[in-house]
Amino acid sequence: RLLHSKQNDYPLKRYFEKVTEINYNMENELNGLLNYMTQKVGGNIHENGTITISSNNSYSDSNSPKNLVEYDKNNYFQASNSYANVIFDFRDKKVQINGYSIKSTNNSSGYYHLKNWVIECSNDQENWNIIDERSENSNLNSSNKVDIFNVKHNDQFYRFIRLRETGSNWNDSSSNTYFSCIEFFGKLKEIM
């Protein structure tokens, strides 16, 4: 008699990892990993479930965190009740970022622009690794300003990226911080 091996009872699934690398380009400061995914699926990557963007703040649909990946619109995100805390969950993908860019709203200097924040990475939302920290930063304190920020050397892939505001904005407020877009640069790992 022949005995069937358990491994032959199930079809063999083969997976491979696809790694896409997009580094900062001076000609298009908002054309990185998030925009790559947006172009690939043809729409807002939060709305279609490619990634999840969440925040600890209450907001209306007109100023929700999903607006942070709408690069061709004049939308914005508003942290209304406390310091901004935005989490990007890449779900079944992971990222290794070496930089990021942020675009301010179309309001003048001294408005509710970002001033103090950290960028953190995690794979479990319990342990966060700070890869960039900005304090009293004036780079975004003007209308429609886009700036690129480099991060600490990072050779690990993460599922979650968080922007966490750590102090008041340029209006010296602990709430109502506004910004239009964010983009990440580096590597995107997808399981195929």
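Predicted model, so just to flag it, every value in this text is computed and none were measured.
A cation-pi arrangement is present between Lys189 and Phe157 under the rule of less than 6.0 angstrom and at most 45 degrees off the ring axis. With a 6.0 Å cutoff to the six-membered ring centre and a 45° limit on the axis angle, Arg164 does not count as a cation-pi contact of Trp117.
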task: Begin with the C-alpha distance, continue with both residues' side-chain angles, and end with the deciding distance and a verdict on salt bridge (charged side-chain N to carboxylate O under 4.0 Å, His left out) for Lys40 and Glu190.
output: CA-CA 13 Å; Lys40 189 175 174 181; Glu190 302 173 82; 2.9 Å; yes

message: Show, in sequence, the C-alpha distance, side-chain angles and deciding distance for Asp172 and Asn169, and conclude whether the side-chain hydrogen bond (donor to acceptor under 3.5 Å, both in side chains) test is met.
response: CA-CA 5 Å; Asp172 288 327; Asn169 55 44; over 6 Å; no

task: Show your reasoning for whether side-chain contact (heavy atoms from CB on, under 4.5 Å) applies to Leu140 and Asp147.
output: CA-CA 7 Å; Leu140 299 171; Asp147 205 4; 4.2 Å; yes

Verdict with supporting geometry, Glu136 and Asn116, side-chain contact (heavy atoms from CB on, under 4.5 Å): CA-CA 6 Å; Glu136 301 294 313; Asn116 302 287; 3.7 Å; yes

query: Going through the distances and angles, do Ile87 and Ile53 end up as a side-chain contact (heavy atoms from CB on, under 4.5 Å)?
result: CA-CA 6 Å; Ile87 297 175; Ile53 308 170; over 6 Å; no

task: Might you work through the side-chain contact (heavy atoms from CB on, under 4.5 Å) test for Glu183 and Asn35, ending with a clear yes or no?
output: CA-CA 7 Å; Glu183 182 59 279; Asn35 204 343; 3.1 Å; yes

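In summary, the aromatic rings of Phe77 and Phe179 are positioned with their centroids under 6.0 Å apart. Side-chain rings of Phe160 and Phe90 stay apart, their centers remaining 6.0 Å or farther from each other.
A side chain to side chain contact (heavy atoms under 4.5 Å, CB included) with Ile102 holds for exactly one of Asn137, Leu114, Ile148; it is Leu114.
Between the CZ atom in Phe184 and the OG atom in Ser101 there is a gap of 9.0 Å [rounded to 0.5 Å]. The CD atom of Gln39 sits 12.0 Å away from the CG atom of Leu34 when rounded to the nearest 0.5 Å. Taking CD1 of Ile22 as the reference point, atom CG of Leu33 lies at 5.0 Å (rounded to 0.5 Å). Note that the OG atom of Ser180 and the CG atom of Asn74 stand 6.5 Å from one another [nearest 0.5 Å]. Distance check, rounded to the nearest 0.5 Å: CG of Asn176 to CD of Gln78 gives 5.0 Å. Atom CG of Asn23 sits about 9.5 Å away from atom CG of Asn25, to the nearest 0.5 Å.
Residues Asn44 and Lys66 share a closest heavy-atom pair of ND2-O, 3.2 Å. Shortest non-hydrogen contact noted between Trp128 and Ser122 is CE3-CB, 3.4 Å. Of all the heavy atoms in Met26 and Glu29, the pair that sits closest is O-CG, 4.2 Å. Residues Lys152 and Ile130 come closest through the heavy atom pair NZ-O, 3.7 Å. Closest approach of Cys121 and Ile161 over heavy atoms only: SG-CD1, 3.4 Å. Closest approach of Ser142 and Ser104 over heavy atoms only: O-OG, 2.6 Å.
Side-chain contact annotation: Tyr111 with Asn141, donor-acceptor N/O pair under 3.5 Å absent.
Shown here is Gln96, whose CD atom has more than 12 heavy atoms of other residues, nucleotides or ligands within 6.0 Å.
Ile131 has its side chain within reach of Asn129: a pair of non-hydrogen atoms, C-beta onward, lies under 4.5 Å apart. With a 4.5 Å cut-off on side-chain heavy atoms, Ser55 and Pro65 count as touching. You'll find the side chain of Lys93 reaches within 4.5 Å of the side chain of Leu188, heavy atoms only. At least one side-chain heavy atom of Ile119 sits under 4.5 Å from a side-chain heavy atom of Ile97. Under the 4.5 Å side-chain criterion, counting only non-hydrogen atoms from C-beta, Ile51 is in contact with Met37. Lys187 has its side chain out of reach of Thr20: every pair of non-hydrogen atoms, C-beta onward, lies at least 4.5 Å apart.
Screening residues 80-91 for salt bridge (Lys or Arg N to Asp or Glu O under 4.0 Å) gives Asp89-Arg159 as the qualifying pairs, with residues at least two apart or on separate chains.
When hydrophobic clusters are built by joining Ile, Leu, Val, Met, Phe, Trp and Tyr residues whose side-chain heavy atoms come closer than 4.5 Å, directly or via intermediates, Tyr76 is not grouped with Trp170. Val118 and Leu68 are not part of a single hydrophobic cluster, where members link through side-chain heavy atoms under 4.5 Å apart.
The backbone N or O of Asn75 sits nowhere less than 3.5 Å from a side-chain atom of Asn67 that would complete a donor-acceptor pair. Between the side chain of Asn107 and the backbone N or O of Tyr112 there is no donor-acceptor pair closer than 3.5 Å. A distance-only check finds a donor-acceptor pair linking the side chain of Tyr71 to the backbone of Ile182 [under 3.5 Å]. Under the 3.5 Å distance criterion, the side-chain polar atoms of Asn106 are left unmatched by any main-chain donor or acceptor of Ser143. Between the His46 side chain and the Ser54 main chain, no donor and acceptor come within less than 3.5 Å of each other.
Tyr100 meets the ring pair (Phe, Tyr, Trp, His ring centres under 6.0 Å) test with Phe149; sequence neighbours excluded. For the ring pair (Phe, Tyr, Trp, His ring centres under 6.0 Å) test, residues two or more places apart in sequence or in another chain that qualify with Tyr24 are Phe185.
Remark: Arg134 engages Asp132 in a salt bridge, criterion side-chain N to carboxylate O under 4.0 Å.
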